[in-house]
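What you see below is based on every heavy atom in this structure, not just the backbone, and it leaves out hydrogens, waters and symmetry mates.
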Amino acid sequence: MPRYHPLTYLVAPRDAKRLPKIHQRRDLCAGLELASVMHDLGFRLGRQILNQPPRKGPQKPPPGKLFHVDTSFVRPEDVYLHFTRVPKDDIANGNRRIIRPAHTDLEQVLFEAWSRFLLKVSREHVIVHPSLCGLFEPGYAYCRELTFKQTGWGAPIYKVNDQEGDGLRPYQGKRKSMVFVLRLAEIEPGGPGLVSAWGLDGCTTLALAHRLATDKRAWLEQPGFRMAELELGKLPDHITDLSFCESWPLTEVLVHDLAREPALA
């Protein structure tokens, strides 16, 4: 039976002088939702992969080098399960809210996979790869480039750009954010595959994961890339389960079907 291997990031430590605690991982509630989908799709739990630098010593390798992650136990039919926003450009973009990259060779493979679809991705700023811009649903060309608010919850859209010469302009409309789903049959030639789903912040990531586990499971059944607009509803005062987000409109704005269409170069 094929296996899924959760690929997780550390929660940012409050005290940089203390060693990180290995159990403090990002977005584990979202990962739990996605695990149920993976079991339904015929996968069983493999090994958790802790994507992080060494606990002691420099947190960044020498120039031109990457920390090694042993993936020798991963088989070609397996998949990496990833459910945290890709921190590819957080530091370069100077975001206030960042996920610190781990500077590992496996993380670099993840970044390269996502770079085929998102030219830039940080907490504040997303630019869709130019080769995909012709796939937007009618009326959604403004999603080619987006910026997001960094205060509060939900990462609502702040500015939009259809890249037709007018530049970024303030977004006008209901309070919405964007979520992303990528399933690859092979993250590298010869496998394994990748299942990656996330929003710009923890709340949207969790809402997406719950929807994938309930009414959007088909989004993970075949290889493909999806970008969807999530309308941010009201958070209940007393949240005891995730049913509150099941009514939030979730609309596909771009779909690249990799099962039917040739993969991007």
Side-chain angles (χ1 to χ4, degrees), residues 4-38 45-61 66-71 80-111 113-114 121-126 148-156 177-182 194-210 212-213 230 232 235 239-242 245:
Y4 67 93
H5 305 279
L7 174 62
T8 61
Y9 277 80
L10 279 167
V11 171
R14 294 184 178 181
D15 185 350
K17 296 181 180 180
R18 293 187 177 182
L19 292 177
K21 297 179 179 179
I22 61 172
H23 67 284
Q24 294 179 328
R25 321 302 298 181
R26 286 183 176 271
D27 302 305
L28 291 185
C29 288
L32 186 61
E33 294 285 321
L34 292 174
S36 68
V37 184
M38 299 310 296
L45 177 63
R47 295 189 193 179
Q48 296 188 54
I49 300 176
L50 310 180
N51 182 59
Q52 59 192 39
R55 297 182 70 235
K56 298 181 180 180
Q59 297 297 285
K60 190 173 181 179
L66 294 169
F67 296 122
H68 177 60
V69 175
D70 179 17
T71 59
Y80 297 121
L81 178 62
H82 167 252
F83 39 83
T84 294
R85 175 174 51 80
V86 179
K88 186 170 72 72
D89 299 303
D90 272 12
I91 293 177
N93 209 50
N95 292 162
R96 293 196 304 272
R97 295 186 176 185
I98 67 171
I99 298 172
R100 294 198 175 277
H103 304 290
T104 67
D105 48 7
L106 179 56
E107 179 183 66
Q108 185 60 33
V109 171
L110 179 69
F111 286 179
W114 270 102
V121 54
S122 72
R123 170 60 179 80
E124 179 202 20
H125 197 181
V126 170
F148 303 87
K149 294 181 180 179
Q150 296 188 70
T151 56
W153 68 272
S177 191
M178 202 65 60
V179 294
F180 305 87
V181 178
L182 177 61
L194 172 68
V195 172
S196 183
W198 45 270
L200 275 298
D201 76 341
C203 187
T204 53
T205 296
L206 180 55
L208 171 63
H210 182 66
L212 291 171
L230 176 67
L232 301 171
L235 291 178
I239 300 174
T240 58
D241 60 47
L242 299 177
C245 69

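Side chains of S122 and I98 form no contact here, defined as non-hydrogen atoms less than 4.5 Å apart. Between L66 and L106, the closest side-chain pair of non-hydrogen atoms is not below 4.5 Å. Looking at D105 and T71, their side chains never come closer than 4.5 Å, going by heavy atoms from C-beta outward. Taking the side chain as every heavy atom from C-beta outward, L45 and Y4 approach each other to under 4.5 Å. P53 places none of its side-chain heavy atoms less than 4.5 Å from the side chain of H103. Counting heavy atoms from C-beta outward, F180 and L200 have side chains that approach closer than 4.5 Å. Proximity of L206 to L242: side-chain heavy atoms (C-beta onward) are separated by under 4.5 Å at one or more points. Side chains of M178 and V126 form no contact here, defined as non-hydrogen atoms less than 4.5 Å apart.
Shown here is I22, whose CD1 atom has no more than 12 heavy atoms of other residues, nucleotides or ligands within 6.0 Å. By the neighbour-count criterion of 12 heavy atoms within 6.0 Å, atom CZ of R26 is densely surrounded, having more than that number from other residues, nucleotides or ligands. More than 12 heavy atoms of other residues, nucleotides or ligands sit less than 6.0 Å from atom CD of Q24.
Among T205, T8, T84, the one residue that satisfies the side-chain hydrogen bond (donor to acceptor under 3.5 Å, both in side chains) test with D27 is T84. Paired with D201 under the rule side chain to side chain contact (heavy atoms under 4.5 Å, CB included), one option of Q150, K149, R85, R123 passes, and it is R123.
Between the CZ atom in F83 and the CG atom in L212 there is a gap of 13.0 Å [rounded to 0.5 Å]. Atom CD of E107 and atom CD1 of I49 lie 12.5 Å apart (nearest 0.5 Å).
Closest approach of F67 and K60 over heavy atoms only: CZ-C, 3.8 Å. Nearest heavy-atom pair across H82 and W198 is CE1-CD1, 3.9 Å. Between I99 and P87, the shortest heavy-atom contact is O-CB, 3.2 Å. Residues S196 and W114 come closest through the heavy atom pair OG-NE1, 3.0 Å. Residues L232 and G154 come closest through the heavy atom pair CD1-O, 3.5 Å. Taking every heavy atom of both residues into account, L182 and A113 meet most closely at CD2-O, 4.4 Å.
The backbone N or O of R47 lies less than 3.5 Å from a partner atom in the side chain of H5, making a donor-acceptor pair. Judged by distance alone, the side chain of N51 and the main-chain N or O of L7 form no donor-acceptor pair under 3.5 Å.
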May I have the step-by-step check of side chain to side chain contact (heavy atoms under 4.5 Å, CB included) for L194 and L110, ending in yes or no? CA-CA 9 Å; L194 172 68; L110 179 69; 4.1 Å; yes
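Remark: L10 pairs with P20, R25, Q52 by the side-chain contact (heavy atoms from CB on, under 4.5 Å) rule, at least two apart or across chains.
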